[in-house]
Amino acid sequence: MDYNFREIEKRWQQYWIDHQIYKVTEDRSKSKFYVLDMFPYPSGAGLHVGHPLGYIASDIFSRYKRLQGFNVLHPMGYDAYGLPAEQYAIQTGQHPAITTENNIKRYREQLDKIGFSYDWSREVRTCDPSYYKWTQWAFIRMFHSYYCNQTQQARPIHELIEVLSKKGTAGLDLACNEPMTFTAEEWNTKSEKEQQEILMNYRIAYLGDTMVNWCPELGTVLANDEVSEGLSIRGGYPVEQKKMRQWCLRVSAYAQRLLDGLDKIDWTDSLKETQRNWIGRSEGAVMHFNTSQGMAFDIFTTRADTIFGVTFMVLAPESELVKGLTTDEQCGAVEEYIIKTKKKTERERIADKSVSGVFSGSYAIHPFTGEQLPIWISDYVLAGYGTGAIMAVPAHDSRDYAFARHFDLPIIPLIEGCDVSQESYDAKEGIMINSGFLNGMTVKEAIPAAINEVERCKVGYRKINFRLRDAIFSRQRYWGEPFPVYYKEGMPYTLDESELPLELPEVDKYLPTETGEPPLGRAANWQTKEGYSLELNTMPGFAGSSAYYLRYMDPHNDDVLVSEKADSYWRNVDLYIGGTEHATGHLVYSRFWNKFLFDLGVSCEEEPFKKLVNQGMIQGRSNFVYRIKGTNQFVSLNLKEQYDVTPIHVDVNIVHNDILNIEAFRNWNPEYKSAEFILEDGKYICGWAIEKMSKSMFNVVNPDDIVEKYGADTLRLYEMFLGPLEQSKPWDTNGIDGVHRFLRRIWNLFYKEGELGVTDNEPSKEELKSLHKLIKKVSFDIEHFSFNTSVSAFMICANELTALKCSNRTILTDLTICLAPFAPHIAEELWHVLGNEISVCDAKWPIWNEEYLKEDAFPYAISFNGKSRFVLEFSEDTTNEEIEKAVLAHPNSQKWIEGKSPKKIIIVPKKIVNVVI
RNA sequence: GCUCGGAUGGUGGAAUGGUAGACACGCAAGACUUAAAAUCUUGUGACCAUUACGGUUGUGCGGGUUCAAGUCCCGCUCCGAGUACCA
């Protein structure tokens, strides 16, 4: 019987469905293990061969854990809301729900072919009302919560209302937009609307006027992580800064906890570092400056020690302070400058490194020297960070230095021996000079000393600042979760939780209304609350993906997001596999969202993802043919130098091992119907290059084609064999024959000349050794995510057992179990061939026996002065004296000793003998 | 600019400080075939030698630690990823 993977894979996939092999329940008699993939956005292009890489790795791990006796939760779903479906809807009028549904169907077919062990009964889709009910529910809870900085947790807002009505703001430390102080009497005399406005300052989900990334092309605002270098991540359209009233989530309140939590989770250092940079904690001081105008303002600095080097102040053009600090005679110039900077898109502003600015006309007063410091306005200061104003120390900050040089402002060096004639001295090292009470201190001593003095003189206070901004949560789009919000006298109120889900209405077009309202403004007869109008924005993409891992625990529960029973059993994700591209988006929002739910008592773990592994990207490997210019003649790779040629991308699917299938090429494109070829050795050899996998490069490899040609097991093994999981690497179908041959070799251990040839005799010593070496290696490799080397270990073992002509039942049984996580179909088949009734998924992972791994003799590399020369074998109990004697007496040694007597002989047991001459 | 990775044959990649190049692709030779494919066997870093045994050299570059360095330390070069007027 031959290895007929098509028949085998179809049969066992059906068997797994029929027997509900992958369905899991909360079985408290077993330890749980939760393995999660980042769920995909179902795009119209379908899966290419790069997408399943992480899924295969997580599937191997889940299956391995299950074989070890764990109760494994391994679910899958779809991140179904997103821009591409909506853009497609705008162009074609096709409802995004239909596009999405079709794409999901396609994804599911593709995934099913690969043989994953997902419990599909737990599937979630973010666009499904029964799912987004809980996204809306979490939003309502955020709206009705505030964040207490003293206890570092979210609390229900009614508790705050009670405190405010009794004590006012006295003694409170709350996360807010603007610090406020008022008494209980003041609070109690305010109207409902005024009270609501005040509460908005404290809510975790709040409506705020903030500078947002506005993308005119997409007609929506975007979050910081959706923008890179002034362009939208989706589509690459320019993004500009605009002030808008938007829903925001107070992620910044959780900054310290998000930072601290990183120490408790098992993620890679680089990913943690990326999050630390994104959170951007910096310790420093807020300092208070009075001005010549009488008005005062605050700045933030991390270098309070450089206070004596301040020679001017700078405000961001968007800063509220600009108006009050501009003198009448400078008014025109300032206005002109602000208009000019506003016109620049974010991208232009970043690209434009030239220095610009304008003098406001007023002066700040130095808190220690009383000196007058001119106040400038420049776009190198950002409104969104700190207070939107800085003290400029040109000697020790490169940006201030460039500005000072450009406008010819004074530069005062503060560190002994530093040379500021060409550039600023930014390093925090050296001895302070020109700095009053700080003189003689090192910079490291001066920083805290300066802050202490600032606090003592009451000109400022110690402050920790975070770069992490609140998340902007509104999108002016159709295809997203509607907000469960209605407006009464211009103030937002949430729907009652019993009214959820608020379903997405139908619209006639997926474009903004004529009056510029979001697409939901087109919804006719949308349900309304007592005649009040509903919120027309929708939630962003990350809303639905922020708590999906909790919903998988209890996906059909209509009463709660997740029951206490399910949550307390599954707790959090033990292993999360996905790409690094979510480092500052999804992985921050999810942690925030989960911490909020933790504060609410909904989630019992503060961190959602205990261990996280990033799989690398799979790039494309493009193939080229070389057309001789002006002809329809193509020349093979190694002859192309003799001609003037144009390289042309050719579909990698009609190229095998870089050899072009000429017939397929002629049929590929009518243009090449009559193409002629200059061959080498009768073949046309193509050139190649590593590029992004994309349609336009004709280098997309579809997993379906690989499965059709080689089978799912070969695909799974080959994806792992390609290289280390975490590394980016190009897909190269060349080489897949190797793993396919390996599977056939395994098959041939069972079948000899078409007959099943498994025997029941005692396994030999060599067979046991080969098998147990494999068990040990594979167990170790899976735990360390070194799947590529475990595939190699399988190949070595198969080669050894083939050479030993092994057909032993006990050996083959354990081999089959080891293979099951990697190649489940063939393993299931062979497992049943061996006479087992249950699924191989429920077998028991074998444990290696060190007894079998014992060596009779160990090869010792015999080295002279550290250079290996030859190999001798010694048994474990050979004494050092005997080894020395044997080495020196060996005829090969004479050449290296050259008659001298060795100075020293180092013997490392089982490894090496080094003779130092 | 800053942060974090990485650099090993023709290719993908192995290697707890201890025989560098496992395993696989490719290539070459051979076996089986009328032939091809498939399969199997052998060889395969480079250079030198070849009757055999063998020798020299070799993990981006330059130093260092060590009996011993691809691996550890210091200084570079190049490549990749993330981030960026964050005060």
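Letters A, B, ... mirror the listed sequences (proteins, then strands); counts begin at 1.
Checked for salt-bridge contact, A:Glu283 and A:Lys463 miss the test: no charged N lies under 4.0 Å from a carboxylate O. Electrostatic pairing of A:Asp737 and A:Arg741 does not count as a salt bridge here, judged by no charged N lying under 4.0 Å from a carboxylate O. A salt bridge is absent between A:Glu855 and A:Lys910; no separation between the charged side-chain nitrogens and carboxylate oxygens falls under 4.0 Å.
Nearest to the side-chain atoms of A:Ile796 among the listed nucleotides B:A87, B:A68, B:A22 stands B:A22. For A:Lys729, the listed nucleotide lying nearest its side chain is B:G13; candidates were B:A14, B:A87, B:G13. Listed nucleotides: B:U56, B:G18, B:U19. Nearest to the side chain of A:Arg869: B:U56. The side chain of A:Trp278 approaches B:A84 more closely than any other nucleotide in the set B:C25, B:A68, B:A84. Taking every side-chain heavy atom of A:Met795 into account, B:C23 is the closest of B:C23, B:A87, B:C4. In this structure, the nucleotide among B:U3, B:G13, B:C85 sitting nearest to the side chain of A:Asp379 is B:C85. Taking the side chain of A:Trp896 as heavy atoms from C-beta on, and the options B:G13, B:U56, B:A87, the nearest nucleotide is B:U56. Of all nucleotides listed (B:C67, B:U39, B:G13), B:U39 comes nearest to the side chain of A:Arg741. Side-chain proximity of A:Leu382 to the nucleotides B:A38, B:G13, B:A87 is greatest for B:A87.
Residue contacts shown for A:Asn799 are limited to sugar-phosphate atoms, with no base heavy atom under 4.0 Å away. Backbone-only contact: A:Asn788 has heavy atoms under 4.0 Å from sugar-phosphate atoms and none from a base. Among the protein residues, A:Leu722 comes within range of the sugar-phosphate backbone only, with heavy atoms under 4.0 Å from sugar or phosphate atoms but none that close to a base. As judged by a 4.0 angstrom heavy-atom cut-off over every strand, A:Ser868 is placed among residues touching the sugar-phosphate backbone only. Using a 4.0 Å heavy-atom cutoff across all strands shown, A:Arg744 reaches sugar-phosphate atoms only and no base atom. Using a 4.0 Å heavy-atom distance criterion, A:Pro730 is classed as making no nucleic acid contact. Among the atoms of the strands shown, only primed sugar atoms or phosphate atoms (P, OP1, OP2) are found under 4.0 Å from some heavy atom of A:Arg745. As judged by a 4.0 angstrom heavy-atom cut-off over every strand, A:Phe721 is placed among the base-contacting residues. Residue contacts shown for A:Val916 are limited to sugar-phosphate atoms, with no base heavy atom under 4.0 Å away.
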*For the pair A:His740 and A:Tyr718, evaluate ring pair (Phe, Tyr, Trp, His ring centres under 6.0 Å) and give the outcome as yes or no after the intermediate values.*
CA-CA 8 Å; A:His740 191 65; A:Tyr718 188 56; over 10 Å; no

_Under the criterion side-chain hydrogen bond (donor to acceptor under 3.5 Å, both in side chains), I'd like the reasoning laid out for A:Asn465 against A:Ser282: C-alpha separation, chi angles, the key distance, then a yes or no._
CA-CA 5 Å; A:Asn465 218 354; A:Ser282 51; 5.5 Å; no

*Evaluate the criterion ring pair (Phe, Tyr, Trp, His ring centres under 6.0 Å) for residue pair A:Phe858 and A:Phe874; output intermediate values, then yes/no.*
CA-CA 5 Å; A:Phe858 295 91; A:Phe874 297 104; over 10 Å; no

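Distance NZ (A:Lys867) to C1' (B:A69): 12 Å, rounded to an integer number of Å. Rounded to whole angstrom, the span from the CG atom of A:Asn914 across to the P atom of B:A69 amounts to 10 Å. In this structure, A:Tyr718 atom OH and B:U11 atom C1' are separated by 10 Å, rounded to whole Å. Look at CZ on A:Phe403: it is 19 Å from P on B:A87, rounded to the nearest Å. As rounded to whole Å, 16 Å separates atom P of B:A87 from atom CE of A:Met287. Rounding to whole angstrom units, CD1 of residue A:Ile912 and C1' of B:C67 are separated by 10 Å. For A:Ile659 and B:A37, the CD1 to C1' distance is 13 Å, given to the nearest whole Å. Nucleotide B:G6 holds its P atom 15 Å from the CG atom of A:Leu725, rounded to whole Å.
A distance below 6.0 Å separates the ring centres of A:Phe870 and A:His890. A:Phe403 has its ring centre less than 6.0 Å from the ring centre of A:Phe312.
Using C1' as the reference atom, B:G9 and B:G26 are 12 Å apart when rounded to the nearest Å. Distance noted for atom P between B:A68 and B:G6: 26 Å (whole Å). Atom name P, nucleotides B:G62 and B:U77: the rounded distance is 15 Å, in whole Å. Rounded to whole Å, the P atom of B:G70 lies 16 Å from the corresponding atom of B:A15. Annotation: B:A29 and B:U34 have their C1' atoms spaced 22 Å apart (nearest Å). On the C1' atoms, B:A49 is 39 Å away from B:C76, given to the nearest whole Å. Comparing the P positions of B:C27 and B:G75 gives a spacing of 46 Å, expressed to the nearest Å. Distance noted for atom P between B:G55 and B:A20: 13 Å (whole Å).
Across the strands present, B:A31 finds its partner in B:U39; the criterion is a Watson-Crick or G-U wobble pair with both atom distances under 3.5 angstrom. Across all strands shown, B:U57 forms a Watson-Crick or G-U wobble pair with B:G45, both key distances being under 3.5 Å. If you check B:G17 for Watson-Crick or wobble pairing at under 3.5 angstrom, you find it has no partner at all. Both distances falling under 3.5 Å, in either a Watson-Crick or a G-U wobble arrangement, occur for no nucleotide opposite B:U65. If you check B:A87 for Watson-Crick or wobble pairing at under 3.5 angstrom, you find it has no partner at all. Using the Watson-Crick or G-U wobble rule with both distances under 3.5 Å, B:A7 pairs with B:U77. Pairing for B:G12 is with B:C23, a Watson-Crick or G-U wobble pair whose two hydrogen-bonding atom distances lie under 3.5 Å. Here B:G82 sits opposite B:C2 as a Watson-Crick or G-U wobble pair (both hydrogen-bonding atom distances under 3.5 Å).
A cation-pi contact, defined as under 6.0 Å to the ring centre and within 45° of the axis, is absent between A:Arg276 and A:Trp267.
B:G64 shows a glycosidic angle more than 90° from 0 and is accordingly assigned anti.
In terms of phosphate contacts, A:Gln727 brings a side-chain nitrogen or oxygen within less than 4.0 Å of OP1 or OP2 of B:G13.
In terms of position on RNA chain B, the residue among A:Asn865 and A:Thr580 whose nearest nucleotide sits closer to the 5' end is A:Asn865. Nearer the 5' end of RNA chain B, as judged by each residue's closest nucleotide, is the contact made by A:Lys777, out of A:Val908 and A:Lys777.
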